[in-house]
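What you are looking at is a predicted structure, and each value in this text was computed from that prediction instead of being measured. Because only heavy atoms are used, hydrogens play no part in the values below, and waters and symmetry mates are left out as well, while side chains stay in. In what follows, every chain begins at residue 1, and chains take the letters A, B, ... in the order their sequences are listed.
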Amino acid sequence: MTHAPSSNTLGFIVPEPAARPGDTPDFSSIGLKLDSPAPRPDPMCPASDTHTLANSLVRVLNDEHEAQGEWNPGLSAKDLRKGLHIMLKTRLYDVRMFKLQRQGKLSFYMKSMGEEAVAAAAGMALRYEDMLFPSYRQQGLLFARDRDMVDMICHCLSNQRDNLKGRQLPVHYTWKEGNFFSISGNLGTQFPQAVGWAMASAARGEDTVTASWIGDGTTAEGDFHGACTLASVYNAPVILNVVNNQWAISSFSGIAGGNNATFAAKAIGYGLPCLRVDGNDFLAVYAATGWAAERARAGHGATLIETVTYRADAHSTSDDPSRYRPKEEAAAWPLGDPIERLKNHLINLGEWDESRHEALTEALTKEVQANYKKAESYGTLREGPHAPVSSMFEDVYAEQPWHLRRQRQDLGV
Amino acid sequence: MTHAPSSNTLGFIVPEPAARPGDTPDFSSIGLKLDSPAPRPDPMCPASDTHTLANSLVRVLNDEHEAQGEWNPGLSAKDLRKGLHIMLKTRLYDVRMFKLQRQGKLSFYMKSMGEEAVAAAAGMALRYEDMLFPSYRQQGLLFARDRDMVDMICHCLSNQRDNLKGRQLPVHYTWKEGNFFSISGNLGTQFPQAVGWAMASAARGEDTVTASWIGDGTTAEGDFHGACTLASVYNAPVILNVVNNQWAISSFSGIAGGNNATFAAKAIGYGLPCLRVDGNDFLAVYAATGWAAERARAGHGATLIETVTYRADAHSTSDDPSRYRPKEEAAAWPLGDPIERLKNHLINLGEWDESRHEALTEALTKEVQANYKKAESYGTLREGPHAPVSSMFEDVYAEQPWHLRRQRQDLGV
Amino acid sequence: MSDSAKMTMIQAINSAHDVLLENDERVCAFGEDAGYFGGVFGCTQGLQEKHGKSRVFDTPINEAAIVAMAIGMAANGMRPIAEIQFADYIFPGFDQIVSELSRLRFRTAGQFTAPLVLRTPCGGGIYGGQTHSMSPESFFTHIPGIKVAMPSNPYDAKGMLIAASESEDPVLMFEPKRLYNGPFDGDPHKPALSWSKHEKGEVPTGHYTVPLGKADIVRKGDALSVVAYGTMVHVALASARLAGIDAEIIDLRTLVPYDMETIAKSVNKTGRCVVLHEAPRTGGFGAELIAQIQEDCFYALEAPVKRVTGWDTPYPHAFEWQYFPGQERVTRAMIETLEA
Amino acid sequence: MSDSAKMTMIQAINSAHDVLLENDERVCAFGEDAGYFGGVFGCTQGLQEKHGKSRVFDTPINEAAIVAMAIGMAANGMRPIAEIQFADYIFPGFDQIVSELSRLRFRTAGQFTAPLVLRTPCGGGIYGGQTHSMSPESFFTHIPGIKVAMPSNPYDAKGMLIAASESEDPVLMFEPKRLYNGPFDGDPHKPALSWSKHEKGEVPTGHYTVPLGKADIVRKGDALSVVAYGTMVHVALASARLAGIDAEIIDLRTLVPYDMETIAKSVNKTGRCVVLHEAPRTGGFGAELIAQIQEDCFYALEAPVKRVTGWDTPYPHAFEWQYFPGQERVTRAMIETLEA
Ligand SMILES: Cc1ncc(C[n+]2csc(CCOP(=O)(O)OP(=O)(O)O)c2C)c(N)n1
Ligand SMILES: Cc1ncc(C[n+]2csc(CCOP(=O)(O)OP(=O)(O)O)c2C)c(N)n1
Ligand SMILES: [Mg+2]
Ligand SMILES: [Mg+2]
């Protein structure tokens with residue numbers, strides 16, 4: 001994928017995606033080698049043994065929906081169905097919440113449509129004690145850890161049951177009991193923090209692992225570099241995931257440098273091992289996460305994982321992707337849809353069928369609806385009730401200093 | 001060089017240099033492959049063709065002081081003598097200035113002893129119109145461009161002839177006429193600025209090249225990553241030099257990640273070409289700089305060059321290296337001394353001899369002394385004269401706003 | 001005389017870019033999503049298509065690199081206008097601003113300069129939560145070497161942006177995003193107003209400037225002075241009108257260097273003053289204004305100068321209107337100052 | 001009662017680390033050159049050898065990563081004390097401080113907190129030029145959620161550092177490097193003084209705390225109040241003594257939250273006040289103090305509150321003593337305030 005820039009005229013280059021609105025989607029340039037499956041090195045191997053994987057793709061599910069190759073984690077049908085369940089729940093939850101935002105019930109929402117496998121599979125491959133530092137597009141981790149959906153919605157509604165007391169934008173979950181850190185609106189900041197967390201775990205001799213996720217666009221931030229440097233230098237037990245869903249907001253991965261090298265290849269300069277994974281292949285993400293976790297848990301340090309996927313819907317409720325990319329691009333994405341692929345795999349195995357799928361879809365749709373109704377009974381952003389207004393002055397410091405007390409009094413609360 | 005960390009106990013690792021004060025110097029771990037000379041790819045090659053060079057070493061001068069191999073730039077004896085002259089001048093200037101700081105004439109000083117080839121060779125390989133964004137250890141660039149030494153010393157003395165009006169620490173030169181940008185005390189900040197400068201040159205269709213230098217320790221800063229990202233994305237005509245002199249202040253290159261990958265290897269993740277160069281080999285640095293300049297000038301974008309060298313003296317006049325590394329380390333450095341090597345090469349060629357060398361040394365020593373005397377006649381930091389005190393309130397803005405005028409009046413100047 | 005048209009603040013900013021790009025080939029504009037898409041608020045929409053990809057383009061998501069690239073370009077003869085997508089995200093670029101941009105002219109004794117504009121939407125009122133609502137201007141007013149501005153309407157926004165780009169100094173322009181599509185007087189329950197009915201929504205289509213460093217007295221009055229900028233100008237106007245207070249309201253427009261002459265003249269006349277901003281109180285720019293006002297107008301002051309500001313907390317999503325210093329608090333402060 | 005010894009400020013800070021590392025296994029200390037070498041000023045010297053490499057260690061040169069690592073560690077139960085080599089170099093970490101460290105408790109409703117200390121040498125007086133002389137405290141006093149402190153002597157430095165590390169809040173501690181080896185009263189021509197002859201150079205060797213948020217009246221007086229912190233405390237003391245002014249001098253010690261009670265009591269008594277800092281004037285912390293003083297003590301004030309500060313320029317290498325707000329300027333401001 002690395003190549004000499006084609007221009008030899010002067011002037012700088014501003015990379016352009018292969019297709020803009022009106023064009024035919026074209027993924028020929030993104031360098032997916034689907035035919036030659038990546039080998040699976042020993043998880044304790046030297047980092048350099050993984051570096052050829054930077055330009056290949058870890059896959060388990062082939063185009064015939066069969067699980068194959070060295071990376072096949074050999075999950076039970078039960079676990080496969082659980083994965084499907086989590087992904088489908090994520091999607092249906094997203095669909096509903098997005099709609100509710102359109103109806104004015106939430107101020108804002110972000111879906112993870114098309115990339116549900118990234119969070120669902122990692123969530124299942126990690127232990128519950130493992131610490132998660134996600135970005136705003138891994139809500140699937142919460143479902144993988146069975147977080148109460150009503151609590152999640154209450155957060156998104158900023159109502160009186162919101163465990164963040166109305167302080168955060170929707171989708172910016174925090175859930176300490178679930179070992180799920182606070183999602184920041186600031187891109188990339190959590191990546192080096194995750195390394196610090198992992199170092200503290202290691203210092204205590206715990207064998208827990210910390211995992212963090214950022215997007216392709218966010219790899220350009222300085223904090224990405226800081227995280228990789230810390231992780232490499234201190235050999236921290238952390239999994240650094242780059243979710244390459246091809247787009248930032250309106251800018252494609254080439255604006256982050258993705259035309260000139262894979263995101264996985266960034267590991268090489270830190271001497272970190274890397275895996276580049278079919279992010280729409282639940283089994284591949286599961287296997288890669290497991291590989292990195294096993295390595296980290298054994299004291300062999302960090303791994304950088306690039307999950308190659310596609311953001312199939314808008315960036316957020318504030319976005320209109322049809323203004324910068326072809327509408328048909330999602331359908332043309334060569335790695336398919338993660339839910340369809342796992343579903344077809346289960347059907348292939350004789351462990352699932354269309355009617356069960358329909359029934360599950362219906363049940364989950366109802367579950368989401370019922371949970372929303374329940375959550376709404378605790379209030380909404382516009383109507384309340386919220387946490388008491390005076391709570392706005394709390395938790396700035398452990399104890400309220402005089403100036404905040406004065407300000408609270410000034411507001412009369 | 002990339003390897004799996006050897007520990008498999010828990011706890012994080014804090015890398016240690018091979019030798020501390022009292023130990024025998026040991027450079028066996030730094031992975032210098034001196035025997036297998038690096039091949040020279042075509043300067044217009046795909047970036048990936050250079051990536052194996054990340055783990056080798058571009059050398060021209062062998063241990064017998066012969067110029068050999070594909071990278072030999074074939075310089076004339078005159079140019080070789082010029083190179084030697086620049087390096088020797090740099091060293092003797094440094095020695096004298098350091099001493100003067102010890103005598104209280106300057107507030108601060110930084111030498112580039114042991115790594116003079118880095119700046120001297122690059123300075124000669126680039127065109128005068130090419131723009132330089134150096135760090136504080138490339139004073140050789142100024143000599144390569146024949147800057148008036150009296151002006152340089154006047155700056156270091158902050159006297160009335162200081163072209164920076166006493167505003168900057170010694171060594172933090174600026175010299176616009178020489179296409180030499182302002183040296184910042186803040187590490188790494190100039191690296192992405194250099195890319196912006198290069199983009200502006202390119203936008204105007206100029207074929208000038210911009211070059212910047214940072215240290216091994218500084219590669220850890222976010223700005224390093226920003227610079228590489230910009231340079232890659234926009235295909236900017238810039239040469240990004242990492243001067244790996246093995247040490248930051250008291251921390252060795254391993255604290256910047258240098259134990260796990262070479263600094264040249266960082267290019268791979270950006271899809272940039274890289275060269276890893278024997279930084280004490282004048283001819284190798286010259287050739288590598290020329291390669292990158294030719295590539296950039298032709299519109300093929302940026303190159304990352306790691307020059308492997310050794311900081312043979314203290315970090316600055318505020319530092320005492322014997323507290324953190326063996327005193328004998330410089331002498332044990334496997335790549336020798338850049339001046340000695342070029343000198344011996346010239347002697348080998350029959351173009352130089354010991355007595356000419358001695359004469360040059362003496363002449364330059366006198367030149368430095370005479371220049372210092374002359375510079376001192378314009379004042380010193382402690383005694384003055386300086387720029388007028390009122391100049392302190394100038395150049396904050398293009399025009400002095402009311403509040404600075406008031407402040408100036410308040411000071412009575 | 002040039003033609004004029006009704007413009008929103010977004011359109012006015014867009015038009016300023018357009019005029020600048022048209023008139024001066026050194027001008028270029030960039031930022032995250034600022035190229036093909038034209039910015040998440042549309043401030044650069046259509047400009048890439050019109051002026052070309054090397055003039056208006058997308059950047060990687062790295063605010064430090066954006067500022068640094070702009071510095072390098074500006075030092076090398078260009079006139080970059082860089083957009084930081086939200087003011088809340090300017091901080092990765094803070095070091096480049098404090099340590100580099102602001103000092104380049106000084107530390108090089110004028111050999112190198114970086115005449116560039118950084119513009120960024122700031123402020124609350126759109127339920128953006130704590131990461132899309134900040135008013136961080138005060139962090140920048142303490143940096144010698146940069147100018148800091150915040151327009152409150154389309155006319156000023158365009159004129160000030162052109163002035164900023166033509167200035168030899170680096171200028172940081174904060175754009176109150178709540179004003180982008182219409183004036184906002186602090187009452188979230190009223191239907192949104194439109195710039196088309198506001199006199200400052202009438203904007204010349206061509207080139208003009210609104211000078212940096214000059215405040216604008218947007219309402220004459222004798223009872224007390226109100227110093228405000230950005231959204232708070234509109235809140236002040238509405239509060240004074242509704243409460244029937246004879247306030248003189250000063251739209252500061254430029255924070256560094258601020259127009260102390262206009263402020264002092266007003267305060268010396270009225271003897272009373274209230275200072276407003278949306279940013280948190282402690283260490284906010286209001287403190288600077290008050291420190292200078294009490295120094296320069298001490299003997300004219302009949303009451304302490306009050307500040308009405310955001311609270312010393314992050315901007316809380318659910319308590320947007322309890323956080324925002326709205327009409328009720330502004331009116332109360334004016335009355336207390338009058339009665340003190 | 002614990003023993004005490006003569007200590008410089010460096011030794012006192014070192015001793016605070018030592019006590020903390022000894023008492024609490026959650027404490028660790030790191031920074032650029034802070035491990036094996038013990039810091040460029042020696043504040044952590046000998047501690048790696050004594051407490052081990054996983055407790056006291058070197059970091060890569062990336063201030064953002066240093067802060068972020070500290071946040072992650074603190075959130076995960078440790079008590080990091082991170083050194084930023086010079087306050088001038090804290091800005092690459094500014095985003096992690098503003099956007100992350102300061103808000104973690106708030107945005108998680110207390111689920112996660114980051115009780116950590118960032119400490120960094122600040123201020124001029126050592127010919128460090130513009131990049132080793134800054135007093136950037138005011139950038140941080142505008143950040144809700146962090147405490148900001150600046151001790152002026154060894155006793156306070158140790159006691160405050162221990163208090164900071166034991167606090168549940170993140171604390172940013174600025175250490176005036178000009179005070180590291182001895183008190184400095186603003187007169188560069190006098191031979192350097194030593195802490196060993198200063199009463200605050202007598203420091204308990206064991207554990208004790210100096211509470212954050214409490215100012216110290218270092219000199220009682222009735223004619224006017226002087227509010228200062230860091231090096232300026234010593235300049236104020238010398239100026240008052242030499243000019244024979246009956247000044248009450250307050251060493252603020254903690255800037256956020258500042259001890260307004262002590263300040264107001266003093267100003268209400270004296271009716272006159274001067275505020276000092278080494279940082280540039282515009283938007284400096286003095287502005288905050290004055291804004292609050294004039295609000296709380298308006299009717300007691302007999303003269304405007306003056307500021308004596310650094311100028312609104314970078315710290316110029318050759319004009320160290322023209323920049324530094326020394327005795328002459330401080331004395332003049334006191335006299336003008338007395339005569340106003
Ligand atoms: C520091 C910072 N800069 C800019 C933004 C605005 N922003 C929010 S999401 C986004 C795009 C992120 O793209 P990517 O990293 O690919 O993640 P994805 O949304 O695709 O999951 C941008 C620019 C931000 N939140 N924080
Ligand atoms: C942002 C920043 N952080 C820290 C410092 C302090 N500092 C000055 S030089 C230096 C070491 C730099 O090492 P390296 O990059 O290897 O360059 P070298 O001195 O070896 O040429 C440090 C930490 C600084 N100047 N700027
Ligand atoms: Mg993305
Ligand atoms: Mg070095």
Side-chain angles (χ1 to χ4, degrees), chain B residues 11-17 20 107-108 157-159 162 164-170 172 184-189 215 217-224 248-252 254-257 315 318-319 323-324 381 384 386-387 389 391-396 401 403-404 407-408 410-411 413, chain D residues 30-42 45 48 52-66 73 85-86 88-89 91-93 95 126-133 280-282 308-323 328-329 332-333:
Chain B
F12 58 85
I13 290 176
V14 178
E16 270 294 314
R20 288 291 194 187
S107 59
F108 177 78
L157 289 170
S158 291
N159 67 21
D162 173 10
L164 305 183
K165 301 190 178 167
R167 292 176 186 156
Q168 273 279 39
L169 270 187
H172 290 62
S184 174
N186 300 67
L187 295 173
T189 46
T218 304
T219 60
E221 287 285 7
D223 277 336
F224 169 81
I249 299 179
S250 73
S251 70
F252 82 121
I255 293 290
H315 171 75
S318 313
D319 179 41
R323 287 198 28 226
Y324 51 80
L381 175 67
H386 310 113
V389 176
S391 69
M392 167 167 66
F393 300 96
E394 289 162 12
D395 293 328
V396 181
H403 62 287
L404 279 164
Q407 292 177 24
R408 176 172 54 72
D410 192 13
L411 186 60
V413 293
Chain D
F30 48 83
E32 295 159 16
D33 303 292
Y36 183 88
F37 189 62
V40 294
F41 290 100
Q45 207 172 303
Q48 180 179 83
K53 269 204 312 182
S54 58
R55 307 280 311 277
V56 182
F57 55 92
D58 286 329
T59 64
I61 303 173
N62 179 326
E63 293 76 10
I66 291 172
M73 287 179 150
Q85 197 163 84
F86 286 88
D88 315 64
Y89 303 140
F91 300 109
D95 185 48
I126 62 156
Y127 279 102
Q130 58 191 266
T131 55
H132 303 83
S133 305
R281 175 184 172 99
T282 302
V308 186
T309 70
W311 309 120
D312 283 323
T313 76
Y315 222 115
H317 181 243
F319 303 118
E320 187 98 14
W321 304 117
Q322 288 83 3
Y323 185 95
E328 190 272 324
R329 288 171 58 207
R332 178 151 51 88

In Å and rounded to the nearest 0.5 Å, what is the CG to CZ distance from B/Asn186 to D/Phe86? 11.5 Å

Engaged part of B/Leu411 at the chain D interface, taking heavy atoms whose separation is under 4.5 Å: both

Choice from B/Glu16, B/Arg20, B/Arg408 maximising heavy atom contacts with chain D below 4.5 Å: B/Arg20

Contact class of B/Leu404 relative to chain D, heavy atoms under 4.5 angstrom: side chain

Verify whether the ring centers belonging to D/Phe37 and B/Tyr324 lie closer than 6.0 Å. yes

My understanding is that only residues two or more places apart in sequence, or in another chain, count here; which of them pass side-chain contact (heavy atoms from CB on, under 4.5 Å) with D/Thr309? D/His277, D/Arg281, D/Arg307

Heavy atoms only: give me the nearest D/Asp33-B/Ser251 pair and the separation to one decimal. OD1-N, 3.4 Å

Pair count under 4.5 Å, heavy atoms only, with chain B: among D/Asp312, D/Thr59, D/Asp58, highest is D/Asp312

Taking atom CG of B/Asp162 and atom NE2 of D/His317, what is their separation to the nearest 0.5 Å? 9.5 Å

What residue, out of B/Gly217, B/Ala256, B/Ser184, has the most heavy-atom pairs lying under 4.5 Å from chain D? B/Gly217

When the 4.5 angstrom heavy-atom criterion is applied to B/Asn159 and chain D, the contacting part is neither

How long is the straight-line distance from OG of B/Ser158 back to CZ of D/Phe319, given to the nearest 0.5 Å? 8.5 Å

Checking D/Tyr315 against chain B: side chain, backbone, both or neither under 4.5 Å from a heavy atom? backbone

Most contacts with chain D, counted as non-hydrogen pairs under 4.5 angstrom, among B/Gly185, B/Pro15, B/Gly222, B/Gly257: B/Gly185

Euclidean distance, B/Thr219 OG1 relative to D/Asn62 CG, rounded to 0.5 Å: 10.0 Å

Which region of B/Ile255, side chain (C-beta onward) or backbone (N, CA, C, O), has a non-hydrogen atom less than 4.5 Å from a non-hydrogen atom of chain D, or is it both or neither? both

Spatial distance of atom OG1 (D/Thr131) from atom NE2 (B/His172) [nearest 0.5 Å]: 5.0 Å

Greatest number of heavy atom pairs closer than 4.5 Å to chain D - which of B/Gly254, B/Gly384, B/Ala387, B/Gly188: B/Ala387

Select one option (side chain, backbone, both, neither) describing which atoms of B/Ser318 are under 4.5 Å from chain D's heavy atoms. neither

N/O donor-acceptor pair under 3.5 Å between D/Gln322 side chain and B/Val389 backbone: no

For the interface with chain D, which of B/Asp395, B/Leu381, B/Val396 has the highest count of heavy-atom pairs at distances below 4.5 Å? B/Leu381

Restricting to salt bridge (Lys or Arg N to Asp or Glu O under 4.0 Å), what partner residues turn up for B/Arg323, sequence neighbours left out? none

Find out whether D/Tyr127 and B/Phe108 are in side-chain contact, i.e. whether some heavy atom of one side chain is under 4.5 Å from a heavy atom of the other. no

Please look at D/Gln85 and chain B and tell me whether the side chain, the backbone, both or neither of the residue comes under 4.5 angstrom of a heavy atom of that chain. side chain

Heavy-atom nearest pair, D/Lys53 first then B/Val14, reads NZ-O, 2.8 Å

Could you walk me through whether D/Thr313 and B/Arg167 pass side chain to side chain contact (heavy atoms under 4.5 Å, CB included), step by step? CA-CA 10 Å; D/Thr313 76; B/Arg167 292 176 186 156; over 6 Å; no

Let me confirm one number: the CZ-CG distance from D/Arg332 to B/Asp410, rounded to the nearest 0.5 Å. 5.0 Å

Most chain B-contacting option - heavy-atom pairs closer than 4.5 Å, from D/Gly38, D/Gly128, D/Ala64: D/Gly128

